[in-house]
Each structure stands twice: as structure tokens, then as C-alpha cells.
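Report on the structure given below.
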There are 2 protein chains.
Amino acid sequence: MRYRSLPALPVDLSSKSEYALLALLELSPHYASGEPLQIRQIASQQNIPDRYLEQLLATLRRAGLVKSQRGARGGYLLARDPWKITLYDVVSCIEGFEGQPDPTQVADTPEAQVIQNVWGEVRQAAEGVLQKHTLQDLVEQRNAQQQVDIMYYI
Amino acid sequence: MRYRSLPALPVDLSSKSEYALLALLELSPHYASGEPLQIRQIASQQNIPDRYLEQLLATLRRAGLVKSQRGARGGYLLARDPWKITLYDVVSCIEGFEGQPDPTQVADTPEAQVIQNVWGEVRQAAEGVLQKHTLQDLVEQRNAQQQVDIMYYI
DNA sequence: AGTATACTCCGGTTCTCCACTGGGGTTTGC
DNA sequence: GCAAACCCCAGTGGAGAACCGGAGTATACT
């Protein structure tokens, strides 16, 4: 059995990453004020199971993307400016790729090697897209999208 | 519970796809002669569990990428020229993305919508890489790789 | 000081998919 | 007719995703 023994391209974008991004998009507008947001609020706003979101926020905290304030009136806030956090930062820490050995590895057959090379190309292409988007980008895209919605009376 | 209810980017490249590509790379040189190759031979050559490879080849056959010859002295052969089959053709049929509704779908919140848009970008970037490579490309890359191996006495 | 409000840590549960195995059946060449 | 091949279908077992729950800990407010 192999069970993802090879490079195992983590280009798969699960709802885990989507939840994390939704939460960070909620936190982004509150970065300036410095007011923390609670898990419950984020969860109910974006329709995410709160106990699950809790785990994701803990991962983001350990990765240094958010900071937490414990106790009453506590909650979470972004650790950096929303335009200094790329989607790659978020997805890579949630999906946890960077545990494996370097992608420029050697395969046991020449056929496997050329496939590995292509896999690496795909990975880089996907990572490139994620690296060029920041949280602030998405916030502004959402604002623009809402304008469109209003114009079309949706 | 969501369990991949949303678009669920199937950009994930599993060993399933790798096995299928390895098999097709074995078949590619035999396309000109028209001589079929048996599952057992491909499997032992590329170190793939044969009963598993059988399923993958069945999928490829139903997708019209390979043809099968039943009975004694039977086997598999490519249905088209190896330079007319892209890696996207292979991966998409094996990974089976095109079951879902169209990726340009509407999310229930504007935040989810912008994330869907990015997901679509990532998907397209990955698909673009796969679309520009053909089986024949890989065969030639492998040959070149083998030349390098010989030069360096590996 | 006490209490309510939050995060923190740890474990378990269910579901889904991947990777793989096996048992039959059918077609074909010799 | 018989062996060699494909064909179909039905499992198994592990890993991870997507949760739920409880006990503990820090903090603000009164």
C-alpha cells in the first residue's frame, strides 16, 4: 500500500481551507480597530460549526497568523496587516504541506521521474495563484461584488 | 455536515493518476506496432498492483483513451496517437472531475463567492499545466532523462 | 473574591475516499 | 476445449476530513 507515499500534491483545497479563509476575511476589517472577534460570532456569521472552527483558529494561531485574547471579552485578531497575509500562507498552514521532503526528489524509475516533474509544475502553478492573492484583495473583491449585487437588485 | 458539498477542487493528484499515466507511458511506444500489452506486464514493469491497475484501465477504456483486446493474446493499446492525448485527458477521467455542477456557480455569501473565484483560478492554473503536456512529451522527456543518466554513469 | 465569558487541550465519532483484494464470469486464440 | 486474457462487481482496511463534548485555564467586570 502506498497511501500517499510519493510527493502527494496537497493542491487539494478542502472546506477546511475555505472555513479558515472565511474566518480570516471576517477578522480582516477588525484589524485596524484592534477589537477581537469571538469564535461564536465568526461561526454564526459564516455558518461554520464553531467547535470545528476553534481547531482551525488554533492552527492559525500556532502558525502566527492570528493572535488570541483569552478570558472575558476575548477573541481572535489578525497578527499582521490583511495585505501582508497571502492565501498561500493560510492554505499551506491549514493543509499542512511542507511536512514532506523537498519536491525535487528522485523517483525510482525514469517514467516516475518525469511524472514527478509535471506534478511539481502543477503544484507551483497552484501555489503561484495563491501567493499573488492577499486577504485584503479578497476583502476588496467582496466589496466590489456586493456593489454589483446591489446594482442588479439581488 | 458538508463532506465536500461545495466545488471541492479535484486538483489533487493521487497515485491513482500516477498509475494511470505510468501505464499509458508503457503503452505509448507500442502504439505504432499495434501490438497489445497485457495488464500483468505493465504492472510488473512499473511495480503496480495488477488488480488495481485493471480497474484504472477499465476507466480509461470507458473514457475512450485505450482499447482492449479480449481473449488469449489480448491486452491494451492506446486508442489515439500518444501526442494526441494530454495529461489533462488522463487525469480528468481518472480523478473524475466533471461530475460536479459548473465551477462558475453561485455561493450563498459574498465571502464564499470570492473564495470560489480563487478556487476556480487555482483549478484553471493546474489544468493549464496538464493540458499543455502530451503522452509523447513525457516519453521524449524520459528518453532525454535516460541519456543524462547514462552520461553521468548512473 | 466571585462569576461569567471566552479560549485551550484532549479525546472520541462518523463519514468518505483511496488503495487494494478476491471471486466469479466472458471472450478469444490455439 | 482449454488456457490466457479481459470484464464486472463486491468487498476490506487505513487515513484523513469533519465534526462533537468535556474538563481545564485565563481574563474582565462587578
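Just the heavy atoms: all of them, side chains too, but no hydrogens, waters or symmetry mates, feed the values below. Naming: A, B, ... by sequence-line order, numbering from 1 per chain.
- The side chain of B:Ser15 places an N or O atom within less than 4.0 Å of a non-bridging phosphate oxygen (OP1 or OP2) of C:dA19.
- Within the structure, ring pair (Phe, Tyr, Trp, His ring centres under 6.0 Å) contacts touching residues 31-75 of chain A (residues at least two apart or in different chains) are A:Tyr19-A:Tyr52.
- Applying the side chain to side chain donor-acceptor pair (under 3.5 Å) test to A:Gln55 and every residue at least two apart in sequence or in another chain returns nothing.
- A distance of 14.0 Å separates OG1 in A:Thr86 from CD in A:Gln136, rounded to the nearest 0.5 Å.
- Every residue meeting the side-chain contact (heavy atoms from CB on, under 4.5 Å) condition with B:Ser28, not counting sequence neighbours, appears here in chain and number order: B:Leu78, B:Pro82, B:Leu135, B:Val139.
- Shown here are the salt bridge (charged side-chain N to carboxylate O under 4.0 Å, His left out) partners of B:Asp50, two or more places apart in sequence or in another chain: B:Arg40.
- Note: CG (A:Leu53) to P (D:dC20) measures 12 Å, nearest angstrom.
- By the salt bridge (charged side-chain N to carboxylate O under 4.0 Å, His left out) test, B:Glu140 pairs with no residue at all, sequence neighbours left out.
- Taking atom CD1 of A:Ile48 as the reference point, atom P of D:dC19 lies 10 Å away to the nearest angstrom.
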Atom pairs under 3.5 Å: protein N/O with N/O of nucleotides 28-30 of chain C:
{"from": "C:dT28", "atom 1": "O2", "to": "B:Ala72", "atom 2": "N", "distance (Å)": "3.2"}

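- At a threshold of 4.0 angstrom between heavy atoms, the contacts of B:Leu57 with the nucleic acid are absent.
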Item to complete: Go through the steps to decide whether A:Glu18 and B:Gln116 satisfy the test side chain to side chain donor-acceptor pair (under 3.5 Å), and finish with yes or no.
Response: CA-CA 9 Å; A:Glu18 191 184 356; B:Gln116 297 311 316; 3.1 Å; yes

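- If you measure from atom CZ of B:Arg61 to atom P of D:dC6, you get 11 Å, rounded to the nearest angstrom.
- OP1 or OP2 of D:dC19 has at least one side-chain nitrogen or oxygen of A:Tyr19 nearer than 4.0 Å.
- At C:dT8, one or more side-chain N or O atoms of A:Tyr76 fall inside 4.0 Å of OP1 or OP2 (strictly under the cut-off).
- Checked against D:dC7, D:dC19, D:dA10, the side chain of A:Gln55 finds its nearest nucleotide in D:dC19.
- For D:dG11, neither phosphate oxygen OP1 nor OP2 lies less than 4.0 angstrom from any side-chain nitrogen or oxygen of B:Arg51.
- Atom CD in A:Glu95 sits about 15 Å away from atom C1' in D:dA15, given to the nearest Å.
- Contacts with DNA chain D (heavy atom under 4.0 Å) in residues 26-37 of chain B: none are found.
- Distance CZ (A:Arg40) to C1' (D:dC20): 13 Å, rounded to an integer number of Å.
- For B:Arg73, there are no side-chain contact (heavy atoms from CB on, under 4.5 Å) partners at least two apart in sequence or on another chain.
- Per the geometry, CD1 belonging to B:Ile94 stands 11 Å off P belonging to C:dC18, to the nearest Å.
- Residues A:Asp50 and B:Ala58 each lie close to DNA chain D; by heavy-atom proximity, the contact nearer the 5' end of the strand is made by B:Ala58.
- Side chain A:Glu54 to base D:dC19: no donor-acceptor pair is found below 3.5 Å.
- We find that B:Arg142 and B:Asp137 are not joined by a salt bridge, their nearest charged nitrogen and carboxylate oxygen being 4.0 Å or further apart.
- Not a single side-chain contact (heavy atoms from CB on, under 4.5 Å) links A:Ser44 to another residue, sequence neighbours left out.
- OP1 or OP2 of C:dT8 has at least one side-chain nitrogen or oxygen of A:Ser68 nearer than 4.0 Å.
- For D:dC8, one of the phosphate oxygens OP1 or OP2 lies less than 4.0 angstrom from a side-chain nitrogen or oxygen of B:Arg62.
- In this entry the distance linking CG of A:Leu56 with C1' of C:dC7 reads 15 Å, nearest Å.
- Nucleotide C:dT5 holds its C1' atom 12 Å from the CD atom of A:Gln41, rounded to whole Å.
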